[in-house]
Amino acid sequence: MAMMTMRRAVALGARHIPAAAAASSRVVPLRHMSADAGAAMEKILSAGLLRTQGLIAGKWVDAYDGKTIEVQNPATGEVLANVPCMGSRETSDAIASAHSTFYSWSKLTASERSKALRKWYDLIISHKEELALLMTLEQGKPMKEALGEVNYGASFIEYSAEEAKRIYGDIIPPTLSDRRLLVLKQPVGVVGAITPWNFPLAMITRKVGPALACGCTVVVKPSEFTPLTALAAADLALQAGIPAGALNVVMGNAPEIGDALLQSTQVRKITFTGSTAVGKKLMAGSANTVKKVSLELGGNAPCIVFDDADIDVAVKGSLAAKFRNSGQTCVCANRILVQEGIYEKFATAFIKAVQSLKVGNGLEESTSQGPLINEAAVQKVEKFINDATSKGANVMLGGKRHSLGMSFYEPTVVGNVSNDMLLFREEVFGPVAPLIPFKTVEEAVNMANDTNAGLAAYIFTKSIPRSWRVSESLEYGLVGVNEGVISTEVAPFGGVKQSGLGREGSKYGIDEYLELKYICMGNLG
Ligand code: NAP
């Protein structure tokens with residue numbers, strides 16, 4: 001993905017562009033957009049939420065060399081805006097600003113930080129529609145899902161505002177009678193947060209909410225594909241009174257920005273959501289300055305349907321787990337394992353449900369499946385389907401590009417998938433549901449665990465003993481039992497094995513931004 005940055009970058013040279021003029025010149029005239037996109041953009045503009053510059057030390061800034069990147073609508077290919085293509089110099093300034101603000105922000109009382117976060121939450125909710133429209137325009141997800149993401153994303157800010165006041169330390173019974181032993185929890189410092197395009201708001205708030213609640217300050221790098229939602233959210237943070245410098249946003253040349261964050265001794269933590277390959281690089285790169293690291297990486301979720309499952313519950317749950325965001329989530333069911341006794345019945349009902357999905361532009365109310373993020377994503381899906389069919393799988397539904405063109409792909413069901421196929425081994429990240437038959441519980445658990453990933457897993461069964469036994473045997477960080485959508489701000493989200501390190505959301509997610517300090521008070525008499 002990072003390579004796309006440079007390909008889409010437009011060199012403007014080093015000439016000085018006054019900030020206001022530069023900002024407006026980066027917004028593509030509405031008359032050049034389709035009617036739907038133009039109307040959506042007009043709403044966003046009139047709410048003042050189309051920000052097209054980076055945010056450093058509370059100021060909206062261009063790339064220092066004037067370079068920009070186009071932000072495109074994946075449903076139509078139209079250019080929505082141009083944003084700065086920043087690199088190491090802008091990132092260093094953002095780090096310096098976060099570092100100097102850390103001393104004032106971390107000294108505020110928890111209640112003061114909580115109030116600012118609460119206000120940010122309120123502003124996000126009151127601009128729900130404009131944020132959702134932005135997300136649909138730049139990412140492609142249907143409006144209903146985009147509105148859901150605004151609520152979900154905002155919930156991390158609300159939860160962090162509440163939890164800021166509950167960051168308690170400990171008093172430990174001393175081993176000597178003239179001593180008192182205390183544990184303080186203190187903010188880790190400046191945080192570098194790198195986020196993907198598939199949840200343009202929630203992957204940011206899930207990191208920035210707890211970081212700010214603890215007293216940390218942040219440099220965020222959103223994906224080059226979806227910077228507009230990130231910038232709008234940052235604007236609302238400023239309006240909420242989160243001080244200049246506490247939240248900075250840079251975007252552009254991903255490896256350069258990443259390296260600047262990694263090399264800085266002032267950045268004390270890297271938190272990343274994205275591909276496993278980039279996560280490994282960031283983990284290795286953090287070693288030199290021994291930073292704390294949290295990684296939310298790729299998944300390969302099994303969804304196990306047992307013979308005794310309630311078929312309606314299993315179909316509804318698998319459909320939601322597979323086709324949310326057109327299959328482009330890290331917790332999407334990547335392999336649907338179906339026990340032999342229910343395979344035919346499940347396949348028939350599941351295919352019928354998949355046929356009811358409506359592919360289209362996310363701005364249209366009836367759409368339930370938007371486009372994939374870009375042409376590379378479609379080519380990956382095609383490669384996986386070709387690999388599977390060449391090894392004996394059969395396409396039961398879809399299996400090709402959608403007649404709408406662009407990066408639209410037909411919701412697809414593939415039968416008789418086996419463990420030698422790419423569809424089994426890797427994350428397809430598209431609207432393809434592979435069905436894999438199995439005989440015994442043991443075989444299903446072995447197949448489910450036969451991967452380096454360990455993020456989400458789902459099981460469908462009416463048996464309570466089996467729910468327990470299988471949940472405990474699955475090498476995954478999250479397990480949904482008779483439920484396909486399980487993420488919430490109050491529960492710990494994260495993976496095991498190569499799906500990542502650390503947790504986001506819940507009280508456990510707060511801990512990721514804290515250091516423990518032990519204080520021994522001696523000679524107390
Ligand atoms: P990606 O290519 O790894 O990109 C993620 C972020 O890393 C983007 O901001 C990207 O910037 C940046 N990046 C790329 N190369 C970098 C480098 N060398 N140094 C620093 N930053 C770099 O992943 P993606 O395609 O956007 O996202 C899809 C992946 O994310 C999937 O594997 C999915 O499973 C995973 N994901 C995981 C979770 C979870 O919670 N576990 C949640 C959502 C997604 P540019 O986009 O600007 O190139």
Side-chain angles (χ1 to χ4, degrees), residues 1-9 54 69-71 83-88 91 138-139 149 152-153 156 192-204 206-207 219-227 229-230 249-263 267 270-286 293-301 324-325 327-334 372-374 376-377 380 426-430 452-456 476-478 486-487 492-505 509:
M1 299 291 181
M3 280 174 59
M4 297 287 292
T5 307
M6 303 321 297
R7 243 180 284 140
R8 290 208 276 140
I69 320 170
E70 288 179 348
V71 182
V83 296
C85 182
M86 295 173 152
S88 56
T91 308
E138 66 177 350
Q139 201 271 330
E149 185 180 337
Y152 177 59
F156 291 101
I194 303 177
T195 56
W197 49 263
N198 62 345
F199 287 96
L201 180 70
M203 295 305 101
I204 292 176
R206 208 160 76 166
K207 298 175 184 329
V219 177
V220 176
K221 194 217 85 64
S223 166
E224 62 167 323
F225 299 115
T226 55
T229 309
V249 185
V250 291
M251 73 228 77
N253 186 329
E256 238 189 69
I257 294 170
D259 284 349
L261 291 169
L262 292 174
Q263 282 160 19
V267 175
I270 293 288
T271 171
F272 171 74
T273 298
S275 62
T276 306
V278 173
K280 286 179 181 177
K281 278 191 204 162
L282 295 174
M283 188 173 174
S286 294
V293 181
S294 296
L295 302 171
E296 297 283 354
L297 309 178
N300 181 359
R324 192 152 65 108
N325 202 6
Q328 302 173 108
T329 87
C330 52
V331 291
C332 272
N334 201 51
L372 299 191
I373 189 68
N374 55 25
K380 180 178 178 187
E426 293 177 27
E427 202 180 23
V428 63
F429 235 57
N452 286 328
L455 187 58
Y476 288 82
L478 323 166
I486 60 173
S487 307
F493 186 103
V496 301
K497 291 159 83 174
Q498 294 186 26
S499 285
L501 293 175
R503 293 294 179 268
E504 293 191 329

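Small disclaimer: the values here were computed from a predicted structure and weren't measured. Computation of the quantities below employed the complete heavy-atom set of this structure, encompassing side-chain atoms and omitting hydrogens, waters and symmetry-equivalent molecules. Whatever order the structure lists ligands and atoms in, that order sets their numbers, starting from 1.
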**OP:** Report the distance from atom CE of M283 to atom OG of S294, rounding to the nearest 0.5 Å.
**Re:**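 So the CE of M283 and the OG of S294 are separated by 10.5 Å.
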Which atom of [X] lies closest to which atom of [Y], heavy atoms considered:
X: E138; Y: P200; value: OE2-CB, 4.3 Å
X: K207; Y: A193; value: CD-CB, 3.9 Å
X: L261; Y: G192; value: CD2-CA, 4.2 Å
X: C85; Y: I69; value: CB-CG1, 3.6 Å

Is the backbone of [Y] close enough, under 3.5 Å, to the side chain of [X] for a donor and an acceptor to pair up by distance?
X: N198; Y: N325; value: no
X: Q139; Y: T226; value: no
X: E504; Y: F493; value: no
X: S499; Y: G298; value: yes

Short N or O distance, [X] and ligand 1, threshold 3.5 Å exclusive:
X: T329; answer: no
X: S499; answer: no
X: F429; answer: no
X: R206; answer: yes
X: E224; answer: yes
X: N198; answer: no
X: K281; answer: no

Could you name the option among [options] that has the heavy atom nearest to [atom]?
atom: atom 34 (O) of ligand 1; options: K221, E504, E427; result: E427
atom: atom 15 (N) of ligand 1; options: V278, I373, L455; result: V278
atom: atom 20 (C) of ligand 1; options: G505, A254, P222; result: A254

**OP:** Under 4.0 Å from a heavy atom of T273: give me the atoms of ligand 1 that qualify, with their elements.
**Re:**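 Here the atoms of ligand 1 in question are 5 (C), 36 (N), 37 (C), 38 (C), 39 (C), 40 (O), 42 (C), 43 (C), 44 (C).
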**OP:** For G258, take its heavy atoms, then give the atoms of ligand 1 lying under 4.0 Å from any of them.
**Re:**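 It comes down to these atoms of ligand 1: 20 (C).
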Original post:
Taking the non-hydrogen atoms of E256, is any one of them nearer than 4.0 angstrom to ligand 1?
Top reply: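 False for this residue.
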